[in-house]
Amino acid sequence: MIIDEVRQHFGKSFGGEPTLVVSAAGRVNLIGEHVDYNGGEALPIAIQRRTAVAIRLRDGAKTTRINSGGTGGVLTLDHASLARKRQWTDYPAGVLDQLIGAGVDVPGLEVAVASDVPSGSGLSSSAALEVSFGFAVHTLMGLDTDLVALALLCQQAERQFVGVPCGAMDQLSAACGQRGHALYMQFNPATVRAVPFTESVLIVDTAVPRSLRGSAYAERVDECAAALAAIRVVTPDVPSLAAATMSQLGSAEMPDVQRRRARHVIAECERVRATMQTLARGERFPGRLAIASHESLRNDYECSSAELDWVVEYAMRAPGVAGARLTGAGWGGCAVVFGETSALLALQESMPSDFAQALGRKPRTWVVSADDGARVEG
Ligand code: GLA
């Protein structure tokens, strides 16, 4: 549907047909939270919520004319003077900025965007936009489309242009997703390996505004860097916080808050490896590790919320549910629930009204499975 929509936006904005239509995916992380910027491991899937980009070269000035079909009309990004504007076009502008910075002579472009990745709920709508736009430009210009390299370029766009100190998980998911597979990611350096995963999962968006999120995320990044520095005083050659052992952590001096952040990161990476091995044996997702992950995020990383805790506790009382945890950065946003598909569908029916009664807001829910990342649509 978004493919038809993006073609329509394109026709209305620029007339005629685009040369190329591509899309990239939103994501949900199965396990491995707040480990990407610590050199750890994670296991996300790309989902069937996607952002589509229709693109065509234009003659004349080196500007990108871009429209999302909303009320903003067609906006112009001048390649010679790209500046952050605190609006959605900062994501494609950041990607242009990276490409131009890498010496690519980006010609004038006409671009339309359509998306059904909900924005602001922690399903990586920004990464889906960056990657779909970057993939469209790369493919149109015949540039090398190594998907890991493209994802890392998009991550730098978000870090340097948009100003969010994120890891690479979201962009790697949007780019490298594979239908029927989870993505076993390592981040130091970034590699992605597909592991068969055909289960459905239930996503519950707690619909809590995440105003705290930006500053709390950056605070955690700093706390982890401080914990690593403290470990290196005793064990100088530890390459990343995720690579430290519990005993190295135990022999380092640091404030309790930093110690708990580090404990989460080290234990979470062990859970990712155990989960990956379980899936590689063809077994179902180990729900108890999802619960352990949630408890660690709630107690040690302190990024859960009353609503996320409510969803996890409620889900765990439902028959046929194996596990549940907060997913993404936390402080609001989404939880992911694992179990038999029939149990997830039943929960999708029963949970929203009980949630609304208990917490006074209406959650949004989706049952999804692993989908492709960046792909050409026509
Ligand atoms: C956000 C960031 C990711 C990752 C997660 C937490 O989604 O963009 O890089 O750090 O939070 O796991």
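In each ligand, atom 1 is the first atom listed, and ligand 1 is the first ligand listed. What you see is a predicted model; the values in this text were computed from it and never measured.
Counting heavy atoms of neighbouring residues, nucleotides and ligands inside a 6.0 Å radius, atom CZ of R281 exceeds 12 of them.
The shortest N/O to N/O separation between E33 and ligand 1 falls below 3.5 Å. Ligand 1 has an N or O atom lying under 3.5 Å from an N or O atom of D170, backbone or side chain. For ligand 1, one of its N or O atoms has an N or O atom of Y217 under 3.5 Å away.
Contact record, P363 with F355: CD-CD2, 3.5 Å, taken as the closest heavy-atom pair.
Applying the 4.0 Å criterion to heavy atoms of R27 picks out, from ligand 1, the atoms 7 (O). Atoms of ligand 1 found under 4.0 Å from any heavy atom of D36, numbered from 1 in the order shown, are 3 (C), 4 (C), 9 (O), 10 (O). The contact set between ligand 1 and M169, taken as ligand atoms under 4.0 Å from a residue heavy atom, comprises 4 (C), 5 (C), 12 (O). Residue Y37 approaches ligand 1 through these ligand atoms, each under 4.0 Å from one of its heavy atoms: 10 (O). Which parts of ligand 1 touch G167 is read off a 4.0 Å heavy-atom cut-off, strictly below it: atoms 9 (O).
Both L43 and I203 are part of a single hydrophobic cluster, where members link through side-chain heavy atoms under 4.5 Å apart.
With respect to the salt-bridge test (charged N to carboxylate O, under 4.0 angstrom), the residues R261 and E302 qualify. Between R260 and D256 there is a salt bridge, since a side-chain N of the basic residue sits under 4.0 Å from a carboxylate O of the acidic one.
With hydrogens and angles ignored, the 3.5 Å screen pairs a side-chain donor or acceptor of E268 with a backbone N or O of G32.
Not a single heavy atom of R159 sits less than 4.0 Å from an atom of ligand 1.
Under 4.0 Å from ligand 1, not a single heavy atom of R220 appears.
Relative ring orientation between Y301 and H264 is described as tilted, the plane-to-plane angle lying within the 30° to 60° band.
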